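Heads up: the structure comes next, in structure tokens.
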Amino acid sequence: MKLYTYFRSSAAYRVRIALELKGLDYQALPVHLLRGGGEQLQAAYRAINPAGLVPALDDGGAILTQSLAILEYLDETRPQAPLLPPDHAGRARVRALALTIAADTHPLGNLRVLKYLTGQLEQTDETKLAWQQHWLRTGMAALEAMLAGNPRTGTFCHGDQPGLADCCLAPQVFSAQRFSVDLAPYPTITRIHDHCAALPAFQRAHPAAQPDAE
């Protein structure tokens, strides 16, 4: 199994966590998102993922893209350490938590969006940072409200075992910390993240532990 990844990519980080939680061996193939104008935009990588995004997973010749699709594929093909709960309502809740991050929040701070802000729209770096912080806070506030006080929230986002939503939460907290977003208003997120950070699987998947970390 080969994972086309970038150490700081939130989407690739999600997949690394899932692979580690499931105890799956994989080869990390770094795709540098900045070097040479972005290796993800070069023809060699676009032949693997036409969208020019990471991650991509090569599972014996089957090329998979989009982090949440990859996570669900891993859960269906390698059911050990399941990422989704067994009941329909629980699965819907976990998917909603994950999508609040992966669909509603993360894309607004994606590299290509930020490059468009400072490039074609000629915004300053200060404006870019304000944009990032605004959408990070908006997404974190929504996630906190979904988690806090919900009886199905446990040690982790859903119950007492890490799952698909936690694979999304940890990278989002990493992004918030990277861009100096105060986590004090989000105590439930912070508590869950602390439990995630204590697990070896999350530690091995962390950007700082990657072979291409700068």
Side-chain angles (χ1 to χ4, degrees), residues 5 8-24 55 57 66-110 133 135-179 181-209:
T5 181
R8 219 159 45 199
S9 161
S10 292
Y13 189 179
R14 295 169 200 149
V15 176
R16 294 197 304 265
I17 294 169
L19 290 166
E20 296 289 352
L21 285 173
K22 288 181 172 291
L24 299 173
L57 183 71
Q66 290 293 339
S67 62
L68 293 191
I70 294 171
L71 265 58
E72 295 225 22
Y73 169 85
L74 292 174
D75 225 26
E76 292 169 359
T77 58
R78 279 83 168 179
Q80 71 273 18
L83 302 175
L84 286 164
D87 62 295
H88 295 303
R91 293 165 82 88
R93 177 176 184 260
V94 168
R95 288 181 176 118
L97 292 168
L99 287 166
T100 298
I101 296 169
D104 294 345
T105 308
H106 169 248
L108 291 163
N110 193 281
Q133 291 175 334
W135 292 115
L136 282 164
R137 292 188 188 106
T138 300
M140 299 284 272
L143 185 65
E144 176 72 20
M146 295 168 74
L147 291 168
N150 189 301
R152 305 210 70 177
T153 301
T155 304
F156 298 97
C157 287
H158 191 83
D160 295 324
Q161 297 296 325
L164 187 142
D166 304 284
C167 292
C168 296
L169 180 143
Q172 195 67 8
V173 171
F174 173 79
S175 292
Q177 293 170 328
R178 182 181 168 210
F179 296 112
V181 172
D182 183 11
L183 297 178
Y186 322 114
T188 312
I189 291 174
T190 301
R191 174 183 63 76
I192 292 170
H193 177 260
D194 289 345
H195 285 292
C196 291
L199 298 179
F202 284 80
Q203 294 166 5
R204 290 191 295 267
H206 193 277

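Start at 1 with the first residue, then count along the sequence. Everything quoted here is computed from the prediction, not taken from an experiment.
Going from atom CG of Asn110 over to atom OG1 of Thr105 covers 12.5 Å, rounded to the nearest 0.5 Å. The distance from atom CG of Leu68 to atom SG of Cys168, rounded to the nearest 0.5 Å, is 5.0 Å. Distance check, rounded to the nearest 0.5 Å: CG of Leu21 to CG of Asp166 gives 8.5 Å. Going from atom OH of Tyr13 over to atom NE2 of His206 covers 4.0 Å, rounded to the nearest 0.5 Å. Interatomic distance, Arg14 CZ to Ile17 CD1, rounded to the nearest 0.5 Å: 9.5 Å. Distance check: Ser9 OG to His106 NE2 gives 6.0 Å after rounding to the nearest 0.5 Å.
When each of Arg95, Gln66, Arg91 is paired with Glu72, the side chain to side chain donor-acceptor pair (under 3.5 Å) condition holds for Arg95 and for no other.
Under the 4.5 Å side-chain criterion, counting only non-hydrogen atoms from C-beta, Pro187 is in contact with Glu144. Proximity of Phe174 to Ser10: side-chain heavy atoms (C-beta onward) are nowhere separated by under 4.5 Å. In this structure, Asn150 and Arg93 have side chains that are in contact, with non-hydrogen atoms separated by less than 4.5 Å.
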Please report, to 0.1 Å, the donor-acceptor pairs under 3.5 Å made by any side chain of residues 81-90, with sequence neighbours excluded.
{"residue": "Asp87", "atom": "OD1", "partner": "Arg152", "partner atom": "NH2", "Å": "3.4"}
{"residue": "Asp87", "atom": "OD2", "partner": "Gly90", "partner atom": "N", "Å": "2.6"}
{"residue": "Asp87", "atom": "OD2", "partner": "Arg152", "partner atom": "NH1", "Å": "2.9"}

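The minimum heavy-atom distance between Leu147 and Thr153, with the atom names listed, is O-OG1, 2.8 Å. The heavy-atom pair separating Met140 from Ala176 by the smallest distance is CE-CB, 4.1 Å. Taking every heavy atom of both residues into account, Ser67 and Ala11 meet most closely at CB-O, 3.5 Å. Closest approach of Cys157 and Leu169 over heavy atoms only: SG-CD1, 3.7 Å. Nearest heavy-atom pair, Ala142 versus Thr100, reported as atom, atom and distance to 0.1 Å: CB-CG2, 4.2 Å. Across all non-hydrogen atoms, the minimal contact from Phe202 to Pro162 is CE1-CB, 4.0 Å.
Scored by the salt bridge (charged side-chain N to carboxylate O under 4.0 Å, His left out) test, Arg191 finds no partners at all (sequence neighbours excluded).
A donor-acceptor distance shorter than 3.5 angstrom exists from the side chain of Asp160 to the backbone of Thr155, with no hydrogens or angles considered.
Pairs passing the salt bridge (charged side-chain N to carboxylate O under 4.0 Å, His left out) check and including a residue from residues 192-208, sequence neighbours excluded, read Glu20-Arg204.
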TODO: Start with the C-alpha distance between Asp182 and Arg137, add both sets of side-chain angles, then the distance that settles side-chain contact (heavy atoms from CB on, under 4.5 Å), and finish with yes or no.
DONE: CA-CA 9 Å; Asp182 183 11; Arg137 292 188 188 106; over 6 Å; no
Task: Test side-chain contact (heavy atoms from CB on, under 4.5 Å) applied to Leu108 and Thr138, step by step - done: CA-CA 11 Å; Leu108 291 163; Thr138 300; over 6 Å; no
Open item on the list: Would Asp104 and Leu99 count as a side-chain contact (heavy atoms from CB on, under 4.5 Å) here? Give the steps.
Closed with: CA-CA 7 Å; Asp104 294 345; Leu99 287 166; 5.9 Å; no
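The existence of a salt bridge linking Lys22 and Asp75 is confirmed by a sub-4.0 Å separation between a basic side-chain nitrogen and an acidic carboxylate oxygen.
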